Structures are given as structure tokens and as C-alpha cells.
Amino acid sequence: GENVEQHPSTLSVQEGDSAVIKCTYSDSASNYFPWYKQELGKRPQLIIDIRSNVGEKKDQRIAVTLNKTAKHFSLHITETQPEDSAVYFCAAEETGGFKTIFGAGTRLFVKA
Amino acid sequence: DVKVTQSSRYLVKRTGEKVFLECVQDMDHENMFWYRQDPGLGLRLIYFSYDVKMKEKGDIPEGYSVSREKKERFSLILESASTNQTSMYLCASSFLENTEAFFGQGTRLTVV
């Protein structure tokens with residue numbers, strides 16, 4: 001089955017700097033890659049997703065890149081702000097489309 | 001707004017008890033999921049359902065069962081609770097494959 005690895009587990013940046021979180025997946029047939037943000041004490045919420053027919057997607061300060069050949073995808077946050085502090089999860093959806101496998105999460109700290 | 005509601009925010013149960021965790025979604029979603037969230041392990045899929053009365057095992061189904069008698073409700077059952085089932089449990093739903101998952105607020109279960 002699908003396996004998703006996520007790095008780093010913890011990331012600390014200064015406000016205004018960029019943050020990058022990287023994930024790799026094992027199933028070459030996976031075709032949907034969402035990213036979720038979980039603030040302390042709250043439920044995970046989708047912040048951006050990318051499908052296998054696209055190499056990059058941007059939404060304001062957030063971008064995701066996908067390299068299907070290498071089976072890795074990354075989240076880029078520019079001009080980080082304290083409210084970006086949270087746990088971020090990458091995920092990959094298995095062939096057949098029902099089973100989403102999550103990475104272990106990255107705890108991002110943005111220092112003011 | 002999609003609402004996924006879990007019946008309890010906190011639960012404390014004794015070892016050996018039968019435990020029911022309930023989840024209801026109000027957006028007519030086809031797919032529903034139960035995840036377990038533990039520090040450093042991310043979200044691990046316990047069971048999912050893509051239709052009424054249909055269920056599929058996730059990655060860690062041992063010690064759990066599920067029930068989906070109605071489209072909007074998905075129940076997770078711990079047949080005989082054990083201390084290693086102490087965790088945060090998250091329910092989620094999605095409309096189709098390869099689409100956003102909407103999460104409930106989570107149930108923090110402690111088994112003593």
C-alpha cells in the first residue's frame with residue numbers, strides 16, 4: 001500500500017522567512033496530494049491540494065510542487081506570519097481514490 | 001459549511017468496556033473515515049466507508065469495528081477498550097474520491 005514520509009518533523013523560522021516541507025510517497029499511481037493545516041486544539045483543514053496532471057499550484061503565500069518521476073511533493077510558505085504556526089500534514093490518495101494516507105506531520109513555529 | 005460532528009469531545013472509559021464513537025455529517029457525503037492521531041505518527045486510517053453498509057479496513061483496524069447504517073452517520077466501536085487505544089480519534093467525510101476531506105473536532109479518548 002501507499003506510504004508517505006514527511007520531513008522535517010519540526011521547523012522553526014523567523015517571521016517573514018520562507019518555510020518548506022517535503023514529502024515522498026511510494027505508490028506511483030497516486031494522483032491526489034492534499035495538504036492540511038491543524039492549529040492547536042482544532043481540526044485539520046485543507047489549505048491546498050494538487051493533482052498529478054499539474055506540476056505546481058499557488059494560492060497567495062502558499063505553493064505546492066509535485067515531481068511525479070521522483071515521487072515527491074513539497075509545500076512552500078512565503079513571508080511566514082505567526083498565524084502560520086501549526087502542524088502541517090501532507091497526504092497521498094491511493095489508487096481507487098478512497099484511501100488517503102497521511103504523513104507524520106510537521107510542527108511549524110514562526111517566531112515574531 | 002460542511003459540518004462533521006463527533007458526539008463527544010472527551011471520553012474516559014475503563015479497560016474492557018465497549019466504547020462507541022459517533023460521527024454525523026450533514027452534506028450528503030459518500031465517503032466517511034475514522035482516523036487515529038498520535039504524536040509523531042500523524043493520522044492513521046482505521047476504517048473507511050464509501051457507501052451505506054459498506055466498510056473497508058484501513059491500516060490499523062485491529063481492535064476496532066465500524067457501522068454505517070445511514071449515509072450521514074459512521075460509528076467507530078471499540079469492542080473491548082484497552083489502554084493502548086488511548087488517543088485522539090478524528091472522523092472525516094468527503095464527497096467523492098480525490099476531493100477534500102472535512103474533519104470533525106475530534107474525540108480524545110482515555111482508557112484507564
Side-chain angles (χ1 to χ4, degrees), chain A residues 1-10 21 23-27 29-54 57 59 64 66 73 86-108, chain B residues 1-6 8-10 23-25 27 29-52 54-61 66 68 74 87-108:
Chain A
E2 177 69 277
N3 182 50
V4 177
E5 294 193 359
Q6 182 172 348
H7 300 279
S9 56
T10 305
I21 302 170
C23 291
T24 61
Y25 62 98
S26 60
D27 186 352
S30 289
N31 56 10
Y32 178 62
F33 306 92
W35 286 86
Y36 290 84
K37 176 184 180 182
Q38 186 177 30
E39 297 177 3
L40 190 63
K42 297 192 175 180
R43 68 192 76 192
Q45 290 190 297
L46 181 79
I47 53 171
I48 195 166
D49 57 12
I50 191 166
R51 300 178 193 279
S52 58
N53 58 346
V54 174
K57 185 176 178 180
D59 183 4
V64 58
L66 171 65
F73 56 115
V87 178
Y88 292 81
F89 294 99
C90 64
E93 193 151 312
E94 279 196 344
T95 310
F98 296 114
K99 193 171 168 183
T100 301
I101 303 300
F102 285 80
T106 296
R107 186 172 293 278
L108 174 65
Chain B
D1 275 354
V2 174
K3 278 205 176 151
V4 181
T5 305
Q6 294 180 229
S8 304
R9 193 71 192 264
Y10 300 95
C23 176
V24 176
Q25 50 94 3
M27 284 300 291
H29 282 177
E30 303 292 329
N31 307 320
M32 296 190 75
F33 310 84
W34 275 105
Y35 289 92
R36 169 176 173 159
Q37 182 174 17
D38 298 290
L41 297 177
L43 281 67
R44 292 181 292 165
L45 183 63
I46 305 172
Y47 268 97
F48 66 100
S49 168
Y50 53 88
D51 201 354
V52 176
M54 304 301 290
K55 59 185 179 184
E56 295 285 342
K57 293 181 181 179
D59 294 322
I60 51 165
V66 290
R68 193 166 182 201
F74 193 34
S87 186
M88 171 68 82
Y89 290 88
L90 286 165
C91 174
S93 71
S94 67
F95 184 49
L96 296 170
E97 63 265 32
N98 294 355
T99 60
E100 178 180 2
F102 293 87
F103 285 85
Q105 78 277 25
T107 297
R108 184 165 295 281

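Quantities reported herein were computed from a predicted structural model and do not represent experimental measurements. Proteins come first, then strands; the chains are lettered A, B, ... in the order of their sequence lines, and each starts at number 1. Side-chain atoms are counted along with the backbone in the values below, which use heavy atoms only and exclude waters and symmetry mates.
- Contacts of A:R51 with chain B are made by side-chain atoms alone, with heavy-atom separations under 4.5 Å and no backbone atom involved.
- Residues forming a side-chain contact (heavy atoms from CB on, under 4.5 Å) with B:R44 (at least two apart in sequence, or on another chain): B:R36, B:D38, B:L41, B:I60.
- A salt bridge links A:D49 with A:K57: at least one charged nitrogen is closer than 4.0 Å to a carboxylate oxygen.
- Qualifying side-chain contact (heavy atoms from CB on, under 4.5 Å) partners for B:P39, counting only residues two or more places apart in sequence or in other chains: none.
- Only the side chain of A:Y36 comes within less than 4.5 Å of a heavy atom of chain B; its backbone N, CA, C and O stay farther away.
- Between the side chain of A:E5 and the backbone N or O of A:T24 there is no donor-acceptor pair closer than 3.5 Å.
- Between A:V4 and A:F89 the shortest side-chain heavy-atom distance does not fall below 4.5 Å.
- No part of A:Q45 comes within reach of chain B, as not one of its non-hydrogen atoms sits under 4.5 angstrom from that chain.
- Heavy-atom distances place no part of B:A92 under 4.5 Å from chain A, backbone and side chain included.
- Neither the backbone nor the side chain of A:P34 comes within less than 4.5 Å of any heavy atom of chain B.
- Judged purely by atom type and a 3.5 angstrom limit, B:Q105 uses its side chain to pair as donor or acceptor with the backbone of B:Q6.
- When heavy atoms are compared at a cutoff of 4.5 Å, B:F103 approaches chain A by way of both its backbone and its side chain.
- Contact of B:E30 with chain A is not made at all, since no heavy-atom distance falls under 4.5 Å.
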